[in-house]
Amino acid sequence: MIEVRDLVKHYRGGDGGTVRAVDGVSFAVQPGEMVGLLGANGAGKTTTLRVLATLLRPTAGSARVGGCDAVTDPVGVRRRLGYVSATTGVPDRLTPREILDSFGRLHGLPEPARAARVERLIGQLGLATCADRPAGRLSSGQRQRVSVGRALVHDPPALVLDEPTSALDVIGACDLLDLLATLRAEGRAILLSTHRLHEIEHRCDRFVVIHGGRVVAAGTRAELVGAGGDLEDAFFAAVAGAGVP
Amino acid sequence: MNALRGTLASTWAVAGFQLARLLTPARVGLAALGMLFPAVVLFAVRRATTGPLERNFGAVLLYALVPEAVCMLGLLVTMCPAVADELERGTWVHVATRPGGRRALVLGTFLASVIWTTAVGLGALLLGVVAGGMTEPGGLIAVFGGLVIVSCVGRAALFALPAVVLPRRALVASVGVAVVVEYLAGFLPAVVNQATVSLRLRSLLVHWMDWRQRIPAQLRLIVDPQPVWVQCAAVVVLATVLLTLAIIILDRRQFPPSEEG
């Protein structure tokens, strides 16, 4: 469903030089699978996700969602992908219902289907009690749920989340990850970036560790951790062994 | 047909967002000030001239104050931050990852900007006409109402370009565009002024006020003798070209994560 192959993304640096944010990253996420993209700040996680979300164009390589290429068919990718970022960007003055309805309009959903979809999401995301309250008066967890709802409004088969729990407390993060597990059970492919390893250690099916713009380890928890230790130990070992800055 | 309906729906969705954002006490207060400003000036001039303003003199003042000053300022405030606001509020990624989201952002912000500024301009016009105590106010309101709409449509499209090319410096760039394009190139009696909104506004003013035969020969050089429909069509074509360019440019823009927030 989600496929990244030999992805390279360079930026022009402030000093006129080139910043190699992503340098040959490859991985895939299948339907009904939740994959954790792990890495420290500046490892290239956000850039990789943004190329997938068609916000950035790759310097080389490819990013595909549901068979659509992010460069040659960005509209196809956008129809098949929901994107959630750490900064919810939820307009304070609109209610969750209005936000979901507006984004349904942005996707061109016709009226009866749109209203039904919005109601379903409000129920599924546990927003019924605050659906008509301005978003500025919602908790961080509720705002992030609205953000997830906004990403799901067009019922995409793939979901990409960039550090979705970074602004949430433990309970909010746990609730959100439970919700993602439900979405995975519905058959969606979920790619989730984070550097809070303990939150997703036992929730993701596989992990891709990225460091210095390169994949330095990938596999299931059992494959990465081996006989002893935990995911954090495996992460540090992978990063230390990578030999890239 | 479905594509057109989808474009209209997404444009209206973004316009709804933008109008909701504009309905804050601070913005509404600013708009009220914008409405009052021409009335205060016209009232002061009326007091200074001890009596109702002479119709043509009042019309010149109204022209300078409403379709030019008030509309220009309103459009600068509402159209210029089209992209910068999204980047700053973290909403850019959510709009840009929708099919047609970038196009809807340009068109929806344009629509919201035109609706908001036209409302402010019409309010300023009504108050100005009353404060100036002008004769035949109905005719003036019709003429200047038309000019307000033309000014808003043309210039909102003009400011869409700096908004997408230089989002972080759109306001400064738009002021530069207004000065260089509208008030410098627009007054050159050459082909270049055909692509300016200011030429169309002046020409419509002269047509609608029936000043053609009364203005000095030198001033005729900076108005276009073509009929009203040509002036209106020129603004529509200009706005269409500018908005299309803005959409194409925004569709290709990439903003690294460091440029957000």
Side-chain angles (χ1 to χ4, degrees), chain A residues 9 11-14 19 21 42 44-47 49-58 70 73-95 98-99 101-111 114 134 146-147 150-151 153-154 156 160 162, chain B residues 1-28 83 85-109 111-112 247-248 250-261:
Chain A
K9 178 63 186 176
Y11 293 122
R12 206 176 307 147
V19 178
K45 304 187 300 292
T46 296
T47 298
L49 299 186
R50 289 193 173 210
V51 171
L52 266 170
T54 72
L55 290 163
L56 299 172
R57 277 189 299 281
D73 186 9
V75 172
V77 171
R78 289 168 192 160
R79 289 208 175 102
R80 290 162 177 79
L81 186 79
Y83 181 81
V84 178
S85 67
T87 51
T88 58
V90 172
D92 286 349
R93 300 177 66 82
L94 299 185
T95 66
E98 289 168 340
I99 292 165
D101 183 70
S102 297
F103 277 85
R105 282 173 197 263
L106 266 181
H107 273 284
L109 299 181
E111 176 43 53
R114 189 171 71 239
V146 175
S147 187
R150 183 173 51 189
V153 76
H154 55 301
V160 163
D162 188 7
Chain B
M1 198 60 181
N2 276 347
L4 178 64
R5 202 178 300 146
T7 302
L8 290 176
S10 55
T11 298
W12 187 245
V14 173
F17 266 146
Q18 304 292 34
L19 287 171
R21 276 182 185 169
L22 287 169
L23 283 170
T24 62
R27 295 286 185 126
V28 171
V83 178
D85 258 7
E86 305 307 318
L87 290 169
E88 206 161 292
R89 293 166 191 250
T91 45
W92 163 252
V93 294
H94 304 292
V95 174
T97 51
R98 313 287 156 169
R102 297 174 190 228
R103 179 183 56 209
L105 179 62
V106 172
L107 295 179
T109 309
L111 184 60
I247 290 166
I248 291 169
L250 189 61
D251 217 35
R252 290 161 189 273
R253 288 298 311 256
Q254 301 181 77
F255 298 103
S258 57
E259 286 192 26
E260 287 179 31

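Proteins come first, then strands; the chains are lettered A, B, ... in the order of their sequence lines, and each starts at number 1.
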Peer 1: Between atom CZ of A/R78 and atom CZ of B/R102, what is the distance when rounded to the nearest 0.5 Å?
Peer 2: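 Here the interatomic distance stands at 5.0 Å.
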Peer 1: Is any side-chain heavy atom of A/H107 less than 4.5 Å from a side-chain heavy atom of B/R98?
Peer 2: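 Touching, per the 4.5 Å side-chain cut-off.
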Peer 1: For residues B/A13 and A/S102, report the shortest heavy-atom separation together with the two atoms involved.
Peer 2: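 For B/A13 versus A/S102, the nearest heavy atoms are CB-O, 3.6 Å.
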Peer 1: For the atom pair CD (A/E98) and CZ (B/F17), what is the distance rounded to the nearest 0.5 Å?
Peer 2: 9.5 Å
Peer 1: Measuring heavy-atom distances to chain A, does B/L23 have an atom under 4.5 Å in its side chain, in its backbone, in both, or in neither?
Peer 2: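 For B/L23, the contact with chain A is made by backbone and side chain together.
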Peer 1: Just so I know, are the side chains of B/R89 and A/P91 near enough to count as touching, which here means a heavy-atom distance under 4.5 Å?
Peer 2: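 They are not in contact (no side-chain heavy atoms under 4.5 Å apart), so the answer is no.
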Peer 1: Who wins among A/V84, A/V90, A/L56, A/L94 for the most heavy-atom pairs under 4.5 Å with chain B?
Peer 2: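 Result: the option with the highest number of such pairs is A/L56.
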Peer 1: Please state whether the side chain, the backbone, both or neither of A/Y83 comes within less than 4.5 Å of a heavy atom of chain B.
Peer 2: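 Looking at A/Y83, backbone and side chain both touch chain B.
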Peer 1: Which bit of A/V153 comes within less than 4.5 Å of chain B, counting heavy atoms only: side chain, backbone, both or neither?
Peer 2: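 Contact with chain B is through the side chain of A/V153 alone.
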Peer 1: Starting at CD of B/E88, measure out to OG1 of A/T87 and round the result to the nearest 0.5 Å.
Peer 2: 12.5 Å
Peer 1: Rounded to the nearest 0.5 Å, what separation is found between the CG atom of B/L22 and the CZ atom of A/R93?
Peer 2: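 Answer for the CG-CZ pair, B/L22 versus A/R93, is 9.5 Å.
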Peer 1: Determine the option with the most heavy-atom pairs under 4.5 angstrom with chain B, choosing from A/H154, A/R150, A/R79.
Peer 2: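 Going by pairs under 4.5 Å, I would pick A/R150.
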Peer 1: Counting heavy-atom pairs under 4.5 Å to chain A, which of B/G16, B/A96, B/G101 comes out on top?
Peer 2: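 So the answer, after comparing B/G16, B/A96, B/G101, is B/A96.
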Peer 1: Heavy-atom distances under 4.5 Å only: say whether B/A104 touches chain A with side chain, backbone, both or neither.
Peer 2: side chain
Peer 1: Taking atom CG of A/L52 and atom OG1 of B/T97, what is their separation to the nearest 0.5 Å?
Peer 2: 12.0 Å
Peer 1: Please find the pair of heavy atoms, one from B/W92 and one from A/L55, that lie closest to each other, and give the distance.
Peer 2: NE1-CD2, 4.1 Å
Peer 1: Side chain from CB out, backbone as N, CA, C, O: work out which of these in B/T7 comes under 4.5 Å of a heavy atom of chain A, or both, or neither.
Peer 2: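 Neither part; nothing is under 4.5 Å.
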Peer 1: Taking all atoms of both residues into account, what is the closest heavy-atom pair of B/A9 and A/R105, and its distance?
Peer 2: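 Nearest pair, atom of B/A9 first, then A/R105: O-CB, 3.9 Å.
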